[in-house]
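What follows is a short report on a single structure.
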Amino acid sequence: DITDPANMDPTQMTPAKIENFLQQKKGVDDQVLAQAAAVLSPGQIKTLAAFQEQARNMARTGMQMSSMMINGGGPGK
């Protein structure tokens, strides 16, 4: 669990682990959408889904940048 500070080893933030985290996050997001459908309008659901996707993309970018800085690599490394 890379979100638990006790388990966080920045040198282990690999592309595979980042993608695994994001897939888990998508699963949770999908559950939230399914439950929210009972109380939100279709337009609100669409807005929530777009926000969730944007948040996952921002998380991916941030984790990838952190990984490059911490592990001393860049796109060409």
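Only heavy atoms go into these numbers, but all of them, side chains included; no hydrogens, no water, no symmetry mates. Numbers for residues simply follow the sequence, beginning at 1.
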Query raised in the report: Stepwise, does the side chain to side chain contact (heavy atoms under 4.5 Å, CB included) test hold for Val32 with Leu48?
Result: CA-CA 9 Å; Val32 169; Leu48 177 58; 4.3 Å; yes
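- Note: Gln52 CD to Ile45 CD1 = 8.5 Å, rounded to the nearest 0.5 Å.
- The CG atom of Leu40 sits 11.5 Å away from the CD atom of Gln35 when rounded to the nearest 0.5 Å.
- With Gln44 contributing its side chain and Ser41 its backbone, the two residues share a donor-acceptor pair below 3.5 Å.
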For residues 57-64, which side-chain N or O atoms pair as donor and acceptor with protein atoms under 3.5 Å away, sequence neighbours left out?
unit_1: Asn57; atom_1: OD1; unit_2: Arg60; atom_2: NH1; d: 3.3
unit_1: Asn57; atom_1: ND2; unit_2: Glu53; atom_2: O; d: 3.4
unit_1: Arg60; atom_1: NE; unit_2: Glu19; atom_2: OE2; d: 3.0
unit_1: Arg60; atom_1: NH2; unit_2: Glu19; atom_2: OE1; d: 3.1
unit_1: Thr61; atom_1: OG1; unit_2: Asn57; atom_2: O; d: 3.1

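- In this view, Lys26 and Asp30 satisfy the side-chain hydrogen bond (donor to acceptor under 3.5 Å, both in side chains) rule, not counting sequence neighbours.
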